[in-house]
Amino acid sequence: MDEILEKITTCVEFGKVDKTSPFPPDLKGQDGADELTKAALEQGIDADTILKQALVTGMDRVGQKFSEKKIFIPQMLMAAKAMNAAIEHLKPYFQSGAIQHKGEVILATVKGDLHDIGKNLVKMAIEGSGWKVIDLGVDVSVQKIIAALEEHPEAAVGLSALLTTTMQNMQEIVTEIKNQKPGNKILIGGAPVNDNFRNKIGADFYSPDPQGAVKFLNGQVN
Ligand code: B1M
């Protein structure tokens, strides 16, 4: 099991999407994140293990190398492409929830921020738990969120930010939603965000992971 997980990690790390990907040259012709993830599931490795032990580990290596200026944006984009190819296979495992919706959640990556892999994982988990998700995408302004709340007045709002700079935008968005729509719950997450920040900006809940977001929406934590 460890061997195939390490191979998937390497594919994310070096942006090898599938067998046809020419990069990295020393893995040319070999299976990529796409084929290996499918094979890992077929071997009975559970989706959560693949996500945490292979995919997120690969992305952490990418982040580390980017910080050390050993790789640049194109390599990060290839890594994201490889991770997304793998996630496609995991989707059915995270989305097998009830069809009857428990309620609605508006989900967005905040203004100025283009990172969507974490948000998309949160989306899968929330949908899998039986919630309807209105996904506004990335780089989302407060105006767009307020407009979505006009259409879905009972919805909770989930915000993601991956950059220390866009955390400030998250703060402005939360303040404005709380001014205009004080009754709607706001849940936040993303690597640089924590519970102290949540407290400071007046959001209702912070979760470090998709599972925590689900528990909050289901009323299992507050
Ligand atoms: Co960028 N990036 N990036 N990047 N990128 C980071 C975040 C960075 C930490 C890399 C580094 O320097 N080590 C750094 C941020 C530094 C900082 O602000 N402190 C960084 C930077 C600097 C940048 C640019 C500014 C680079 C540049 O242009 N010079 C640029 C900004 C663009 C922009 O957004 N305006 C940029 C661009 C990109 C790409 C587009 C190339 C690509 C994103 C592609 C995509 O998302 N479609 C990218 C990538 C891939 C990364 C890293 C390598 C991986 C991010 C990721 O997907 N992680 C990242 C380093 C890293 O994280 N290791 C990095 C995996 C994902 C599963 O984790 O998103 O944290 P995460 O989500 C988790 C939790 O946080 C939580 O659940 C998820 C699953 O556990 N969660 C929530 C997330 N949202 C939640 C919401 C919730 C609840 C939980 O409730 C609503």
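Here the structure is a predicted model, which is why all the values come from computation and not from measurement. We count ligands from 1, going down the list as the structure has it; atoms in each ligand are counted the same way.
Looking at Thr10, its side chain does come within 3.5 Å of a backbone N or O of Glu6 through a donor-acceptor pair.
Checking Glu68 against Gln64 by side-chain atom types alone, a donor-acceptor pair falls below 3.5 Å. In this structure, a donor-acceptor pair under 3.5 Å is absent between the side chains of Asp60 and Thr57.
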Kindly print each ligand 1 N/O atom paired with any protein N/O atom under 3.5 angstrom away, one pair per line, or none if nothing qualifies.
unit_1   : atom_1 : unit_2 : atom_2 : d
ligand 1 : 2 (N)  : His115 : NE2    : 3.2
ligand 1 : 3 (N)  : His115 : NE2    : 3.1
ligand 1 : 4 (N)  : His115 : NE2    : 2.8
ligand 1 : 5 (N)  : His115 : NE2    : 3.1
ligand 1 : 13 (N) : Gly63  : O      : 2.9
ligand 1 : 13 (N) : Ser67  : OG     : 2.6
ligand 1 : 18 (O) : Thr164 : N      : 2.9
ligand 1 : 18 (O) : Thr164 : OG1    : 3.1
ligand 1 : 34 (O) : Leu114 : N      : 2.7
ligand 1 : 34 (O) : His115 : ND1    : 3.4
ligand 1 : 35 (N) : Gly112 : O      : 2.9
ligand 1 : 46 (O) : Asp116 : N      : 2.8
ligand 1 : 46 (O) : Asp116 : OD1    : 3.3
ligand 1 : 47 (N) : Asp116 : OD1    : 2.8
ligand 1 : 63 (N) : Met59  : O      : 3.4
ligand 1 : 75 (O) : Ala191 : N      : 3.4
ligand 1 : 84 (N) : Ser160 : OG     : 2.8

Determine all donor-acceptor pairs shorter than 3.5 Å in which one atom belongs to a side chain in residues 186-198; sequence neighbours excluded.
unit_1 : atom_1 : unit_2 : atom_2 : d
Asn194 : OD1    : Asn196 : N      : 3.1
Asn194 : OD1    : Phe197 : N      : 2.8
Asp195 : OD1    : Arg198 : NE     : 2.8
Arg198 : NH1    : Ala203 : O      : 2.9

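With Ile8 as reference, Leu55 is the one residue of Asp31, Leu55, Ile45, Asp34 to meet the side chain to side chain contact (heavy atoms under 4.5 Å, CB included) rule.
Under a cut-off of 6.0 angstrom, the local environment of NZ in Lys178 is crowded, with over 12 non-hydrogen atoms contributed by other residues, nucleotides or ligands.
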